[in-house]
Every structure is written in C-alpha cells, then in structure tokens.
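Written out below as structure tokens is the structure these notes cover.
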Amino acid sequence: MKRTEKFYLLVLLLVAFFLRAYKISDNFIFSGEFGTELLYVRDSLFSGRLPLIGLPTSHTWISYGPLYYWLMMPLVKFFGFEPLLGAWVGIVVGTSAVPINYFFIKKIFNDKIALISSAAVAISPIWIWFSKMARLYIFTWIIFYPFLFFLWELWKGKVKNIFWLGLTWGLFFNFHFSPILLIPALGLALFLKRKILKVKHYLMIGVGAVLANLPALIYDSQRGFSMLRSFALWIPYRIAGFLGFYPKNNPTSESLSGSLAVINEFFGKILIGPENFWILGTIIFVVSAIYFVKKFPNRILRDFGLFIIILSTLSVLVGVFVHGAPPIHYFLPLFPIPPLLFGILVERFWNKRTFKVVMAIAFFLIFIVNYKFFFKATLTPDFVPYKLQREIAEFIAIDANGESFKLRRVGPYDHFSENYSQNYRYLLWLFGNEPVGSGKITYTIYEDTTKLPVKGRVSWFSKIAVLKEDK
C-alpha cells in the first residue's frame with residue numbers, strides 16, 4: 001500500500017469513527033430488541049451455560065445461531081453489564097467496515113474503487129445509523145466481504161478456497177437470515193462455473209455452511225429439525241402467497257406501498273439522512289444502475305462487478321416485495337452494493353475535470369443536508385436518547401422503593417412482546433429493581449404522548465411521560 005493510500009485510509013477511518021462515536025451516550029439507539037439481546041446474554045452468563053442458539057427472530061419458530069452471544073458473553077463478563085458496551089461494539093464493527101471494505105474491494109477491483117467505496121461507507125447515514133443501533137446483524141457487513149472475495153475467486157475459476165465460500169455464507173445466519181437472498185447470486189455463479197466444479201466442490205460448500213451453523217443444527221436435531229423444516233416450508237409458502245396460489249400473504253396495495261417506502265428509505269439513506277431528501281438518493285442509485293445496464297448489457301454475466309451489483313439488487317428487491325413491507329434490516333445483503341456502484345461510477349469518470357467539480361459540489365451539499373443527522377439527534381417517538389432512558393429507569397427504580405411493579409410502554413413497535421420495553425427492563429435490573437409480571441403498581445412509559453390519559457400521576461422527562469398507577 002502506497003503512503004498516500006495509507007494516509008487517505010487513515011483519514012477515512014478517523015472520520016468513520018468520529019461520526020459513529022460522537023456523543024454516543026446521547027446518540028446510542030438502545031432499542032427494546034437490543035435490550036432483549038442483553039437480557040439473553042445476562043441470563044446465559046448467570047446460568048453458566050453456552051447457548052446453542054440465539055434469540056428467536058420475528059418468526060418465533062426459528063432462531064439465529066449463537067455466535068453473537070458467544071462474542072458478547074466474555075465482553076460483558078470482562079467490561080460489565082453497561083449497555084454502552086454494546087454501543088462501542090457497534091462503533092468498532094461499523095468503523096472496521098471501512099478498512100475491510102478497502103482491503104477486499106482493492107483485491108477484487110482496484111485501489112481507486114476501494115478508496116471511493118470506503119469513503120461512501122465511512123460517511124453513509126444508513127451505515128452510521130445501523131452502527132449506532134449496535135444490533136447483532138451489523139456483523140453481516142464484516143462477513144459479506146470475504147464471502148464476496150471467495151465468490152470472486154470462483155468467478156475467476158479458482159476453486160481451492162471453495163470451502164470458505166460455503167463457510168462465510170453459512171456464517172451469515174448466526175446474525176440474520178436476510179442473506180438467504182444472496183442464493184441467486186451464489187447459485188448462478190455455481191451454474192456458470194459448473195464445468196470446472198466437481199461433486200467434491202459442492203460437498204465442500206455444504207460442509208462449510210453446515211460447520212458455520214453446527215451449534216444451531218445440533219440444537220435443532222434434538223427437536224426433530226423443526227426449525228429447518230419450518231424454514232424450508234416458509235420460503236415456498238411466502239412465494240405461493242405472493243403469486244396468489246395460497247390464500248395468505250397475498251400482495252395488497254398497502255404491502256406494495258410499504259415495500260416501495262422501505263426501498264426508498266434504504267437507497268435514500270445511503271446518501272442522505274433527512275427523510276425529505278431520500279428520493280434524491282434513490283434516484284441517483286436507480287439512474288446509475290440503469291446507466292451501467294444500458295452501457296454494458298452484454299457484460300452482466302462476464303463482468304463480476306456488474307454481476308454482483310445487478311443480481312444481488314434484483315434478488316433483494318424481489319425478496320422485499322415477496323415478503324411485503326419488511327423492516328429495513330432486510331436490506332443487509334445489499335449494504336455494500338451502493339458504495340461499490342458509487343466507486344465504480346466515480347472511477348470511470350474521474351479523469352474528467354467537470355465530473356470532479358460536480359462531485360465536489362455534490363459532496364458539499366450532501367454534507368450540509370446531513371449535518372443535523374450527523375451531529376444533532378432529535379428526540380422523537382422513534383428515538384429516545386440513551387441518557388434519557390437511564391434517567392427514566394433510575395426514577396422508576398427509586399420511586400418503586402423496592403416494591404414489585406409491572407412495566408408497560410406506549411410508543412413505536414409496542415405491539416411486540418413486552419410492549420418493546422426490554423431496554424427499560426434491562427436498565428431497571430441494573431438499578432436493582434427489575435419489573436415483574438405482577439404487583440399492584442404499574443409504570444407506563446409514554447414515548448408517544450398522544451396516547452397519554454388525561455388523568456393520573458404523571459412525571460415528565462423532556463417529552464417522555466411516565467404514568468404511575470396503583471391498583
């Protein structure tokens with residue numbers, strides 16, 4: 001690596017770290033889901049047992065693999081139970097994605113594409129946002145790059161590392177199941193290279209994928225492989241419903257509009273944080289993709305870059321519509337693709353002076369638009385600062401004065417288990433008074449105060465209300 005490359009990469013690394021770590025105690029997104037994960041880690045440590053599976057997904061009949069929890073358990077035991085530990089894990093993973101992107105993209109493409117795509121990863125609002133959420137699924141970013149590298153090696157006719165292709169693909173499912181949408185890219189690559197592949201190569205891919213999920217498979221085998229069987233049935237079930245062959249999960253105007261909305265959020269937020277400007281980011285990606293398809297229509301199955309960009313994008317988009325308005329983390333397999341496309345596009349036109357001027361102006365304008373997103377997080381029902389969450393939990397723990405109480409929460413996602421209040425439950429445990437399912441006292445945290453009753457004993461914390469009821 002040249003000295004100038006090292007300098008630029010170091011600058012990008014520092015920028016990425018700063019944007020993710022800036023005022024993290026205020027900007028840490030401590031969600032109910034992350035609270036559930038910390039409670040699972042806590043319970044695993046207290047039980048003295050190493051879990052064979054992780055937490056269930058939103059589809060409760062299937063669980064993730066245990067690798068994330070195996071990582072978090074020693075970290076929590078060494079550093080303590082403070083939730084900000086998870087935030088720093090997210091910062092480290094999110095920041096490390098920059099040099100990892102650079103290393104693998106340089107090997108597959110070239111140093112200029114690697115540097116430009118790494119810059120996009122460093123300052124992308126959606127990459128920063130997910131880093132601050134610190135959820136287990138951001139580890140899929142780290143796995144994606146070696147998976148891409150081993151897929152590229154297969155593309156070039158090299159099969160000596162094909163076991164690692166299977167292993168990296170299998171590792172995804174310890175952190176999220178959305179990379180199942182990469183099957184078309186993997187399957188087509190295997191089909192195109194079928195003349196150089198032997199039975200042993202397919203077996204090595206399978207062995208790698210199985211080893212990556214061995215703990216979960218051992219657990220599932222003790223229960224008749226119920227998770228595996230249900231998952232195998234779920235995919236054709238969703239497809240049949242989408243195509244109208246089954247009377248459930250059929251597409252509706254609501255699911256279609258929801259799918260379009262989350263597509264716009266993902267592609268828009270790659271470049272722009274504020275919602276009003278997401279459509280610009282989406283248009284930029286769509287126009288760039290159309291340009292490459294029209295410019296090189298016959299190279300999609302010959303050029304690895306075009307192949308992975310187009311096929312993975314189409315696969316994920318089809319998956320989004322088949323599922324119907326999924327959460328945005330279903331785009332996890334696609335996170336590295338827009339930065340890669342951006343890198344290829346900029347590298348192609350970099351020698352044109354006018355393009356450099358346009359890019360400099362665009363970069364400046366995007367930074368101005370994103371300034372508030374980067375540095376001034378705003379309290380909303382969707383985002384309550386961690387410091388405020390601690391203040392609320394500490395108040396409840398002191399006010400309860402050692403008595404048993406129930407906890408409720410009113411706000412976004414409160415239709416999920418425990419009203420999506422596991423983050424407060426974890427904090428209350430830290431403060432020595434974890435809520436229980438019984439007791440005369442009930443504390444209800446209103447993050448959405450439009451539903452707050454007119455009467456009752458209410459304590460205010462900025463724009464968040466806590467209602468105490470004693471029955």
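Counting begins at 1 with the first residue of the sequence. Just so it is clear, the model here is predicted, and its values are computed rather than measured.
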Problem - Criterion ring pair (Phe, Tyr, Trp, His ring centres under 6.0 Å) on Trp234 and Tyr237, from CA distance to verdict - result: CA-CA 5 Å; Trp234 180 77; Tyr237 160 75; 7.8 Å; no

I'd like to know if the side chain of [X] and the backbone of [Y] have a donor-acceptor N/O pair within less than 3.5 Å.
X	Y	answer
Ser117	Ala114	yes
Asn213	Ala209	yes
Asn101	Pro336	no
Asp26	Lys23	no
Ser421	Tyr424	no
Trp70	Pro51	yes
Asn161	Trp164	no
Ser259	Ser255	yes
Trp61	Ser230	no
Asn370	Leu271	yes

Any donor-acceptor N or O pair under 3.5 Å, side chains [X], [Y]:
X	Y	result
Tyr420	Glu33	yes
Asn27	Tyr22	no
His59	Thr57	no

If you round to the nearest 0.5 Å, how far is [atom2] of [Y] from [atom1] of [X]?
X	Y	atom1	atom2	answer
Tyr40	Leu136	OH	CG	11.5 Å
Ile162	Ile196	CD1	CD1	7.5 Å
Ile279	Phe267	CD1	CZ	11.5 Å

Practice task
Just do the ring pair (Phe, Tyr, Trp, His ring centres under 6.0 Å) check on Phe335 and Phe130 with the steps written out, would you?
Solution key: CA-CA 11 Å; Phe335 266 68; Phe130 267 61; 4.9 Å; yes

Exercise for the section: Please confirm whether Arg229 makes a cation-pi placement over Phe225, using NZ or CZ under 6.0 Å from the six-membered ring centre and within 45° of the ring normal. Expected result: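 Because its charged atom misses either the 6.0 Å distance or the 45° angle limit, Arg229 does not stack over Phe225.
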
Problem - Over-ring placement of Arg223 relative to Tyr219, 6.0 Å and 45° cut-offs - result: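 Yes, a cation-pi geometry.
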
Pair [X] + [Y], salt bridge at N-O below 4.0 Å:
X	Y	answer
Glu153	Lys160	no
Glu275	Lys269	no
Glu82	Arg390	yes

Can you establish whether the number of heavy atoms outside [X] located under 6.0 Å from its atom [atom1] is more than 12?
X	atom1	result
Tyr413	OH	no
Phe277	CZ	no
Phe349	CZ	yes
Phe191	CZ	no
Trp129	CH2	yes
Lys107	NZ	no

Parallel, tilted or perpendicular: which fits the ring planes of [X] and [Y], with parallel below 30° and perpendicular above 60°?
X	Y	result
His176	Tyr137	perpendicular
Phe173	Phe177	parallel
Phe175	Tyr68	perpendicular
Trp155	Phe307	tilted
Tyr386	Phe30	perpendicular
Trp141	Trp127	tilted

Problem - Audit row: Arg3, Tyr8, side chain to side chain donor-acceptor pair (under 3.5 Å) steps and yes/no - result: CA-CA 9 Å; Arg3 184 176 296 180; Tyr8 289 136; over 6 Å; no

Practice task
Under the side-chain contact (heavy atoms from CB on, under 4.5 Å) rule, what do Trp152 and Phe104 come out as? Steps first, then yes or no, please.
Solution key: CA-CA 10 Å; Trp152 172 72; Phe104 283 102; over 6 Å; no

Practice task
Let me see the working for Glu37 and Arg135 under side-chain contact (heavy atoms from CB on, under 4.5 Å), right down to the final yes or no.
Solution key: CA-CA 9 Å; Glu37 287 164 5; Arg135 296 296 313 287; 2.3 Å; yes

Handout entry: side-chain contact (heavy atoms from CB on, under 4.5 Å) evaluation trace for Leu427 with Asn423
Key = CA-CA 6 Å; Leu427 288 172; Asn423 46 355; 5.6 Å; no

Exercise for the section: Please report the C-alpha distance between Tyr102 and Glu5 in whole Å, then the side-chain angles of each, then the deciding distance to 0.1 Å, and finally whether the side chain to side chain donor-acceptor pair (under 3.5 Å) criterion is met. Expected result: CA-CA 10 Å; Tyr102 180 84; Glu5 289 179 46; 2.2 Å; yes

Practice task
Output, in order, the C-alpha distance, side-chain angles, deciding distance and verdict of salt bridge (charged side-chain N to carboxylate O under 4.0 Å, His left out) for Glu418 and Arg409.
Solution key: CA-CA 8 Å; Glu418 297 184 38; Arg409 175 187 161 275; over 6 Å; no

Practice task
Could you please spell out the steps behind the side-chain contact (heavy atoms from CB on, under 4.5 Å) verdict for Tyr145 and Ile105?
Solution key: CA-CA 8 Å; Tyr145 291 103; Ile105 297 302; 4.3 Å; yes

